[in-house]
Structures are given as C-alpha cells and as structure tokens.
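All remarks here apply to the structure that follows.
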Amino acid sequence: MDYNFTEIEERWQKFWEENKTFKTPEDLTNPKKCYVLDMFPYPSGAGLHVGHPEGYTATDIYARYKRMKGFNVLHPMGWDAFGLPAEQYAIQTGTHPSVTTKNNCDTFRRQIRELGLSYDWEKEINTTDPEYYKWTQWIFIKLYNTWFDEKLQKGRPVSELAIPEEIRKHGKKEISNYSDSKRLAYYDNALVWWCPSCRIVCANEEVLYDGSHEKCGNRVEKKNLKQWMLRIPHYAERLLTGFDKLDWPEGIKDMQRNWIGRSTGAEVDFRIDGMKEILTVFTTRPDTLFGATYMVIAPEHPLTKLITTEGHKREVDNYIEAASLKSDLDRTDLAKEKTGVFSGRHAINPVNLRKIPIWVADYVLPGYGTGAIMAVPAHDTRDFEFAEKFNLPIACIQDPDVTDPDQRKRIIAGRECWTEDGRYINSSDSTTGIDINGLNKEAGIAKITAWLESKNLGKAKINYKLRDWLFSRQRYWGEPFPVIHWEDGEITLLDESELPLELPALEKYLPGESGESPLANATEWLNVTDRTGRKGRRETNTMPQWAGSCWYYLRFIDPRNDRQIFDPAKEKYWMPADLYIGGAEHAVLHLLYSRFWHKVLYDLGIVSTDEPYTRLYNQGMILAFAYENASGAKVAADLAEERDGKFYNRETGEELRQLVAKMSKSLKNVVNPDDVVSRYGADSMRLYEMFMGPLDITKPWDDKGVKGVSGFLGRTFRFLSNQANIHPGDEDGEILKALHQTIRKVEGDIENLHFNTAISAMMIFINLAIKKGRITKDSARIFTKILSPFAPHLAEEIWSFLGHNKTISFEPWPEVNEEYLKEEIFEYPISFNGKLRFRITLPVSMEKDEIIRNVLADERTKKWLATGTLSNIIVVPNRIVNVVLKTNP
RNA sequence: GCCCGGAUGGUGGAAUGGUAGACACGCAGGACUUAAAAUCCUGUGGCCAUAACUGGCUGUGCGGGUUCAAGUCCCGCUCCGGGUACCA
C-alpha cells in the first residue's frame with residue numbers, strides 16, 4: 001500500500017478534533033502532571049516559518065510521550081498578538097488591528113493544526129482579548145500596590161507599608177509621595193529612549209549598542225517624558241538566587257547574571273575641600289584608595305554645578321551642555337577618546353588626607369553606582385587612559401604578579417596599567433593609621449572596607465547594572481493602563497471591578513510626533529469626571545508587548561475563568577511549567593521580566609511557586625541556503641541547481657555562490673512549512689525538524705534532508721501496513737533485542753530532548769526489520785507506540801491496521817525488558833599501544849586472566865608482540881583490551 | 001575588550017576517557033523499467049599496497065601536555081557564532 005500522507009493526516013487531524021483527544025484532563029488527583037509550554041508566537045502576517053515548528057514539534061513529542069507515561073498533560077497554545085506590525089498596517093490602511101490580528105491568528109492556527117501538534121485548543125488565549133488583558137491590567141494594579149521589603153526580601157501590599165513619623169508629620173501629600181517612592185510601579189519623568197521613526201519610547205533593552213532601535217534599526221534619541229516604570233532592581237538578588245534550583249542552560253543563566261550585573265564593593269565618602277558636601281563614590285576596588293589620584297563626577301550629577309569653582313564655571317557649563325546634547329550613541333562613539341574638564345575643586349582622599357582634583361567627564365555614567373568615581377589610573381584601564389590624556393598623576397600601589405621584569409618596571413613607574421592581583425606598596429599612612437602594604441587584593445579589600453566602616457567613611461555595598469524597567473509605550477495596540485490622571489495631580493487606578501478598561505475605537509492610529517499616544521485622540525474615552533466634578537484624563541500610553549507575555553503561562557491554566565485570574569487549585573496543580581521551549585532571543589528580556597512578575601505574584605500569595613519555569617531549553621535557529629550570482633544579486637533558492645559540487649541558475653545557467661544565512665525575503669531563501677507539508681506530509685516535516693541535528697544548535701535547512709526522513713516513514717508504512725510481514729509466531733531474538741534497545745534509547749533521548757538520535761535509533765530498527773522480512777504483531781505494536789510521538793498521524797493509521805479502534809495517544813509507553821538485552825558474548829577490540837589491530841569474540845562473563853590468555857594465544861598477537869617488549873595488558877571487561885608494548889629501538 | 005558556545009567525511013550530524021564517522025543526505029555501481037521517476041540491493045574519510053581476500057599508514061581547527069588509552073580531560077593559540085559594552 002502506498003503511503004498517502006495527505007489522506008492519512010487529514011483523517012487523523014479530523015479524528016483528534018472531533019474526539020477532543022487532547023483536551024486537558026480535569027482530574028487533579030493524578031500525582032503525575034506535566035505542563036509542557038511553548039513560547040507563544042506573535043502571529044505575523046507572513047504565517048508560520050520553519051523556525052516555529054522546531055520548538056513546537058519538540059514540545060509536542062515530549063507532551064505525547066508524557067501522556068503515554070500516564071501523566072496529565074497541559075499543552076496549550078496562544079497568541080502574543082499586541083505589537084507594532086498590526087498597528088503599522090492600521091495606520092496605512094485604516095483596518096483595525098484586531099481584524100488583522102484575527103486573520104493572522106486564523107492562519108497560524110490552521111498551520112499549527114496541520115502539523116498534528118497536540119494542543120488543547122480549548123485553552124487558546126490571545127493577549128489582545130479584553131478578557132485576557134483584563135488580568136494583565138489587574139496584575140499592573142497589584143504591582144502598583146506593592147512595595148519591596150528589603151529586610152524580608154519580599155514584596156508586600158502597600159497597605160502594610162509603615163510610614164515613618166518623620167514623613168507622617170508633613171501630612172497627606174508627603175505620605176502619598178513616600179508610598180509612591182516605594183511602589184513597584186511608579187509614574188515619573190524619565191529621560192528615555194525615543195525612536196522618532198516608530199514614534200515610540202524604547203526600553204534600554206530595546207536599544208542596540210550602536211544606538212539603533214532593535215525593531216526598526218533607526219537611531220533613537222533621548223527624550224524627557226512622563227512614563228511608567230517598574231522597580232525590577234529590587235528583585236535583583238532574588239532573580240539571581242532563583243537560578244539555583246532551575247534546570248536551565250548555563251549560558252542563559254549567565255546572560256541573565258550579566259544583565260543583572262551584580263558587583264560587590266564599597267561606597268566611600270570623600271570630603272570636598274572647602275565645602276560641607278560629601279562626594280560618595282562606588283568602587284569595587286576600595287583596596288586601591290591609595291592610588292586614587294583624582295575623582296570624576298558625571299556631568300548630570302546633582303553636585304557637579306555646585307562644586308564647580310568660579311574660574312571653571314564656563315568651561316564646566318559648556319561641557320555639561322555638550323554632554324546633554326550628545327546622544328548616548330555619541331557618548332559611546334567617542335569612547336575611544338575620553339573627554340572631560342577640571343571642576344576647579346578638590347576632594348580629600350580619606351586614607352591619606354591628600355587633596356585630589358575633581359574632574360567632570362562623561363565616561364562616568366549618571367545611572368550607575370553614585371554617578372561619581374574615585375579614579376585609580378594605575379589599576380583601572382579607563383582611568384589610565386583619561387589620566388594619560390590629561391596628564392594626571394598615576395600612582396602605582398601594587399607590585400604586580402608578573403614574570404616579565406620589564407613589564408613590572410613599567411607598571412611600578414606608572415607607565416602601564418595593572419588590574420590583576422599583586423602585593424600593595426605605598427599603601428600606608430601614619431596620620432590615618434591604615435596600612436595594607438604587603439597584602440594581596442582579597443585581603444586588602446577586606447581590611448580597607450573594615451577600616452572605612454569603623455571610621456564611618458564608607459560601607460560595603462552591592463550594586464546592580466539592572467535598571468528600572470520603562471513600562472509604557474506611545475502606542476494604540478497595547479494594553480491600556482487602568483490609570484486616571486486628575487487635574488489636581490493625583491493619580492488613581494481603576495478598581496478591579498472596572499476592568500477590563502477596553503481600547504476605544506479610533507479613526508487615526510498615528511501617534512503624535514511629540515510622544516503623544518494615539519489614544520490622546522479618543523476624546524470620549526479619554527476624559528473622565530468623578531462624583532465631585534473633578535476632571536481627569538486617562539493614561540494614554542499603553543503597556544509594552546512584554547506585558548502580556550509576562551504571565552500568559554498562568555492564564556493557560558484556567559483561561560475561561562471570568563471571576564478570577566485562575567482557580568488557585570488548578571494553579572497549584574499545574575505550576576510550575578515543567579518544560580519551556582523557545583528561541584534564545586528571549587534569553588534575557590522576556591524570561592527576566594516574567595520571572596520578576598512571577599516573584600511578585602508569589603510574594604502576594606497569588607501563585608504557589610517562586611519560579612515559573614523549572615526546565616528551560618532553547619531551540620537553535622534554522623538557517624537556509626541562499627544563492628547569489630557573480631554580481632551579488634540574490635537568486636531564489638528553488639532556482640539553484642547543483643552540478644558537480646557547483647551551483648547554477650536553472651534558468652540562465654550562470655554560476656552561483658551558495659551562502660548559509662538566516663531566512664529572509666531579501667535573500668529569497670524562506671522555506672514555507674505549507675509547501676513542505678504538501679510535498680512530504682506533516683509527519684515528515686516534524687521528523688525532519690527533529691532529525692536535522694541537536695535541538696539547541698543553529699543548523700541549515702536542506703530540502704534533501706526531508707527526503708531522507710520521508711523515505712523512512714514510507715518504508716515504515718509499507719512494511720507495517722502489509723499483513724504479509726506480520727506473523728503470529730515467536731519473535732526473532734535479534735529483532736527482540738533491537739526492539740528493546742530502541743525503546744530504551746528513544747525513551748532516554750526524549751527525556752533529554754535528543755530527538756535526532758532517537759529517530760536514528762528507530763531507523764536502525766526498521767532497517768533491521770525490513771531486512772529480516774517480518775516481525776510479530778506485538779513488536780509492530782511496540783514499535784508503533786514509540787514512533788507515535790514523532791509521527792502521530794502515521795502511528796494512528798498503523799495502530800488501526802493492527803486492530804485497534806481507539807487512539808494510540810494514551811496507550812502505555814512500552815517497558816524495556818532487560819532479559820532481551822542480555823549479551824552472551826562480546827567482541828573485544830584488541831589494541832596494541834592504543835591502536836586497534838583485531839577483534840576476538842569472548843563470553844561476557846570471562847575473567848580478566850582468561851581474557852589475557854586468549855589474547856596472548858591468538859596468532860595475530862604474535863606479530864605485534866614481535867615489534868616490542870610486552871610491558872602491560874589492560875583489560876576493561878566488555879569494553880576493550882589494550883596491550884602495552886615497549887618498542888624496540 | 002569581557003562572558004558564553006562551537007570547530008569531526010563532499011553535506012547535516014553520531015560517539016558514559018575505551019572499536020571515530022552511528023543515522024541520513026549526496027555520490028558511484030547494480031536490479032526493476034522501452035525510458036524516467038519511485039522503489040530495492042551494494043559500496044563510500046583520505047593515502048598506499050594487493051588480481052582479489054585483505055593489509056598498512058594517516059585522520060576529529062592548530063601547538064603542547066596528562067593517560068595503558070584523548071574528538072572527549074588540562075595548558076596555550078586560530079577561526080566562526082551568540083550575548084554585552086566606559087557598569088567604576
């Protein structure tokens with residue numbers, strides 16, 4: 001019988017749908033549960049590309065396997081549908097984004113269904129559905145009403161915030177300001193990145209290092225705008241320690257650790273000569289205080305203007321002005337050439353009471369640490385560069401741990417910078433009584449920090465790079481904030497009962513050039529009046545796209561609940577997500593934001609776990625071959641033809657160059673999953689996606705590879721669907737052994753997400769079975785079961801041939817019978833000095849001595865013994881024998 | 001610059017320190033066919049020897065090292081990919 005995949009796949013997709021095969025079990029008493037989660041997609045107009053099904057197939061195999069293992073499985077899919085493309089389209093055509101979104105979701109859903117992915121569609125969610133974003137707004141209210149208790153390291157309701165007497169006596173306004181200063185969500189003037197092309201503010205995270213917007217590639221500018229911010233840095237420590245119990249790739253944990261950027265050091269107070277103000281700096285190297293020969297203060301620092309002396313005022317003001325006009329791009333661009341001016345003022349180094357000049361320079365950033373530094377040019381490369389340029393003194397205070405005597409001389413003379421360890425020199429002072437000479441870095445840091453603390457001159461301090469999260473966008477197509485700004489300046493949030501606050505209908509979606517959201521045009525929606533007649537305006541910014549994806553995994557648990565965000569009993573049962581797969585592009589932002597929200601919800605008792613995703617895995621990117629001709633013009637991939645290892649344009653015959661690159665329209669190398677499905681079938685598509693290589697690596701799509709797996713499925717189908725090949729007798733020993741080896745291999749590989757080798761194991765089995773010509777019905781059943789998570793349509797079809805009328809999806813996963821795997825004999829590789837020479841077949845139970853006797857007795861051994869003198873024989877039972885010879889000269 | 005990956009046949013890739021190249025593509029030869037496609041069978045890292053069976057040398061980016069034994073562990077590089085960027 002021919003393998004008619006189209007017919008088979010349609011039939012089973014229909015069957016699963018009609019029978020609600022993959023409906024999530026309602027019974028919460030099964031102790032075995034498995035929540036298998038995909039990063040839900042943004043439904044773009046282009047439809048699915050082959051990168052999507054990679055992760056989806058992996059989770060699908062895992063979910064199907066777990067069902068067969070007796071687990072209750074939650075495997076949902078939904079749409080992260082707020083976002084710019086639908087809004088851009090609305091601006092151009094006037095089509096409401098919800099229309100565009102609905103069409104795109106329909107396409108995605110159809111494509112996903114056609115891949116035979118076993119999602120429970122009753123759990124489908126859409127972040128743009130008011131019934132969904134109602135709860136996004138609800139969480140925002142929770143964030144607003146939460147403060148972070150440093151002592152308990154825990155978020156708590158603002159109602160539990162103790163107001164200090166000091167504040168209380170200043171009245172209501174001060175009290176309210178005080179709580180606002182503690183809330184996890186706050187509204188403030190912020191110097192923010194603004195993309196003039198998208199007319200939107202961007203989070204720091206969305207601005208690339210070259211100063212361009214990651215979404216559109218255009219240059220961003222700084223703008224001062226009133227914005228909503230979230231105090232994620234409060235959770236920095238918890239976000240770091242949370243990793244300990246997570247089964248995540250180390251690389252992703254590292255990326256998040258870098259992003260959080262914890263650094264330990266000390267804050268040190270410097271007196272300013274002739275003023276009562278104190279200049280506090282943060283340093284990771286308090287041990288180098290004796291080498292601090294000048295200070296640098298950021299132009300934006302509140303003390304900068306104050307400390308500047310009359311004679312330097314003009315110069316400093318000009319510098320501040322210039323720095324404020326510079327975009328951060330310029331600031332980074334000029335990184336190679338540092339700039340700065342002298343303030344005219346000196347600070348007093350607390351360790352030796354020497355006066356050191358205070359400079360103003362923009363290589364010190366206002367947002368990190370205290371916005372001012374002590375400069376130790378001898379032991380910090382940036383300070384060294386600056387000092388060299390402006391002829392500032394460089395005082396080496398550390399005899400470096402170097403072997404090169406010339407280098408050591410240069411360092412001690414202050415002609416070269418040394419940032420590693422060494423022994424302190426010139427690091428004592430009789431007036432202040434501190435002395436760290438002779439110590440190394442670790443001991444020096446400890447001693448100086450303790451001394452600073454004892455003299456009340458400073459304290460140990462931990463700093464983080466992580467900044468407050470800019471949480472508003474000047475856009476229409478996002479969640480509206482449940483916020484009203486009153487004419488008297490008060491800000492109130494809607495009551496939970498007033499949610500959702502729906503997006504109003506608009507005629508024009510274009511945002512204002514000054515940073516006004518298009519919602520400012522929705523007059524009727526915008527203006528509100530309270531009972532007392534006080535007038536107010538709704539917040540016109542909307543939430544960023546991250547908002548909806550921060551918590552969607554929670555709504556999947558109970559998506560139709562209209563009274564609660566979810567039923568707590570269900571949350572307790574299903575959380576945390578046992579497996580979460582998606583692209584590494586979300587390694588930092590989505591995962592960090594999402595963990596942050598989750599921890600807040602945990603602190604408030606809304607969720608039962610501290611972390612949302614137990615096991616995370618990143619699929620690699622799928623690249624594709626692209627072709628260009630001699631002049632560099634791209635040629636569509638399907639026009640390229642290979643002959644003798646060279647590539648030619650099928651139509652013009654000109655020679656082409658093959659490239660491997662990301663799929664893109666401009667390279668004309670996009671592979672459309674629909675084409676693959678119609679040519680080879682969904683099962684082949686699934687199998688190829690998994691067979692290409694390890695899930696986590698970047699790999700190129702090659703149509704020829706699909707042929708390989710499709711051939712395997714065809715052979716399997718033809719072999720197992722032919723009654724003549726299925727016999728009623730006892731199973732052949734070799735087949736039985738291979739079958740059970742295959743079960744074990746496939747099971748272990750699925751658990752480890754090594755799908756490529758699982759597939760190759762199944763290929764090996766089928767090749768053997770075909771060679772043998774027949775197998776028993778039992779073997780056929782077992783093989784069909786282990787194949788079913790990978791190629792579910794085909795497996796269902798064969799399962800029904802084998803006489804079953806129920807779905808294979810819940811058949812128990814076959815057990816490995818160790819009896820069949822036992823070996824009587826082992827073919828020992830015999831090597832001489834590590835080089836394999838020949839093999840001897842011996843019983844597995846044979847003792848070492850006996851093995852050695854057998855090896856020595858072998859005719860072929862004599863030949864090799866003649867090349868040297870026998871010195872040792874290593875026998876690793878059932879593995880290898882290595883004869884060690886001393887070679888004759 | 002710093003952090004993290006990676007480098008294995010013509011290609012994608014396999015290998016708990018123990019038989020390198022599983023499986024698949026491609027290629028070559030053969031069967032079926034009027035022919036092609038499809039399908040099936042055989043071979044396939046490189047080099048050398050042999051009529052052949054077979055035998056030898058060599059081989060996992062480069063250079064060292066540890067070990068009876070290294071693709072795998074250690075040290076030093078090169079190149080490629082990802083992240084990050086004056087973070088004090």
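Just so we're on the same page: letters track the sequence lines, and every chain starts at 1. Just so we're clear, the structure is a prediction, and the values are computed from it rather than from any experiment.
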Would you indicate what W864(A) reaches in the nucleic acid, counting non-hydrogen atoms under 4.0 angstrom: base, sugar-phosphate, or nothing?
sugar-phosphate

Could you give the distance separating G21(B) and G13(B) at their C1' atoms, to the nearest angstrom?
9 Å

For the pair made of CG in D362(A) and P in C86(B), what is the distance, rounded to whole Å?
11 Å

Does S263(A) reach a base, just sugar-phosphate, or nothing at all? Heavy atoms under 4.0 Å.
sugar-phosphate

Does V709(A) form a side-chain contact (heavy atoms from CB on, under 4.5 Å) with M763(A)? I'd like the steps, not just the answer.
CA-CA 9 Å; V709(A) 290; M763(A) 288 171 166; 4.0 Å; yes

Heavy-atom nearest nucleotide on RNA chain B taken for N767(A) and for N756(A); more 5' hit belongs to N756(A)

Between G6(B) and G55(B), how far apart are the C1' atoms? Round to whole Å, please.
38 Å

For the residue pair Y363(A) / D383(A), report whether a side-chain donor-acceptor contact shorter than 3.5 Å exists.
yes

Can you give me the closest heavy-atom contact between T288(A) and I397(A), atom names plus distance?
CA-CD1, 3.6 Å

Residues E250(A) and R257(A) bridged, charged N to O under 4.0 Å:
yes

Would you indicate what G369(A) reaches in the nucleic acid, counting non-hydrogen atoms under 4.0 angstrom: base, sugar-phosphate, or nothing?
nothing

Of the nucleotides C86(B), A14(B), A24(B), which one has an atom closest to the side chain of K338(A)?
C86(B)

Nearest to the side chain of K863(A), heavy atoms from C-beta on, is which of C86(B), G56(B), A88(B)?
G56(B)

Between atom CD1 in I252(A) and atom C1' in C3(B), what is the gap in whole Å?
13 Å

Distance check, P atoms only: C62(B) and A70(B), in whole angstrom units.
15 Å

Taking the minimum atom-to-atom distance to the side chain of K771(A), which one of U42(B), A14(B), G12(B) wins?
U42(B)

Who is the Watson-Crick or G-U wobble partner of A69(B), with both distances under 3.5 Å?
none

Please determine whether side-chain hydrogen bond (donor to acceptor under 3.5 Å, both in side chains) holds for the pair Y319(A) and T304(A), giving the CA-CA distance in whole Å, both sets of side-chain angles, and the decisive distance to 0.1 Å.
CA-CA 11 Å; Y319(A) 187 78; T304(A) 307; over 6 Å; no

Just by distance, with hydrogens left out, do Y3(A) and S710(A) show a side-chain donor and acceptor under 3.5 Å apart?
no

With a 6.0 Å cut-off on the ring centroids, do F386(A) and Y294(A) count as close?
yes

S871(A) side-chain N/O to C68(B) phosphate OP1/OP2 under 4.0 Å:
no

Of M692(A) and R837(A), the one whose closest nucleotide on RNA chain B sits nearer the 5' end is M692(A)

When the P atoms of A51(B) and G43(B) are compared, how many Å lie between them, rounded to an integer?
23 Å

Among G13(B), C23(B), U84(B), the nucleotide that comes nearest once only the side chain of W259(A) is considered
U84(B)

Are R715(A) and C23(B) close enough that a side-chain N or O sits under 4.0 Å from OP1 or OP2?
no

Counting only side-chain nitrogens and oxygens, does K707(A) get under 4.0 Å of the OP1 or OP2 atom of G26(B)?
yes

What contact category does K704(A) fall into here, base, sugar-phosphate, or nothing, at under 4.0 angstrom with non-hydrogen atoms?
sugar-phosphate

What's the base orientation of G12(B): syn (chi within 90° of 0) or anti?
anti

Would you measure the distance from the P atom in G61(B) across to the matching atom in C48(B) and give it in whole Å?
24 Å

I'd like to know if the side chain of H301(A) reaches the main chain of V360(A), judged simply by a donor and an acceptor atom lying under 3.5 Å from each other, with no hydrogens or angles considered.
no

Which whole-number value in Å describes the distance from E420(A) CD to C2(B) P?
10 Å

Using a 4.0 Å heavy-atom cut-off across all strands, classify F386(A) as base, sugar-phosphate, or nothing.
nothing

Expressed as a whole number of Å, how far does the C1' atom of A20(B) sit from that of U60(B)?
7 Å

Base, sugar-phosphate, or nothing: which does D702(A) touch, judged by heavy atoms less than 4.0 Å apart?
nothing

No-H, no-angle donor-acceptor pair, D254(A) side chain to C4(B) base, under 3.5 Å:
no

If I take atom NZ in residue K835(A) and atom P in nucleotide A20(B), what distance separates them, rounded to the nearest angstrom?
11 Å

Identify whether any heavy atom of I764(A) sits under 4.0 Å from a base atom; if not, whether one sits that close to sugar-phosphate; answer base, sugar-phosphate or nothing.
sugar-phosphate

A88(B), OP1 or OP2 - any side-chain N/O from K461(A) closer than 4.0 Å?
no

Nucleotide of A14(B), A88(B), G13(B) approaching T757(A) most closely (side-chain heavy atoms)
A14(B)

Could you tell me how far C79(B) sits from U8(B) if I compare only their C1' atoms? Round to whole Å.
16 Å

Of all the choices, A88(B), G12(B), G56(B), which nucleotide is nearest to the side chain of T284(A) once you look at every atom?
A88(B)

Given A15(B), C68(B), C23(B), the nucleotide with the shortest approach to the side chain of I874(A)
C68(B)

In whole Å, what is the span from the CG atom of D380(A) to the C1' atom of C2(B)?
14 Å

How close or far is atom P of G81(B) from atom CD1 of I697(A), stated in whole angstroms?
16 Å

Step-by-step ring-ring contact (aromatic ring centres under 6.0 Å, His included) determination, F712(A) to F691(A):
CA-CA 12 Å; F712(A) 160 65; F691(A) 188 65; 8.4 Å; no

Of all the choices, G18(B), C68(B), C3(B), which nucleotide is nearest to the side chain of V884(A) once you look at every atom?
C68(B)

Can you tell me how far P in C25(B) sits from the matching atom in A7(B), rounded to whole Å?
24 Å

Tell me which nucleotide, if any, is Watson-Crick or G-U wobble paired with G63(B) when both distances must be under 3.5 Å.
C75(B)

Here the distance between atom P of C41(B) and atom CG of L768(A), to the nearest Å, is 12 Å

Interatomic distance, L466(A) CG vs G83(B) C1' [rounded to whole Å]:
16 Å

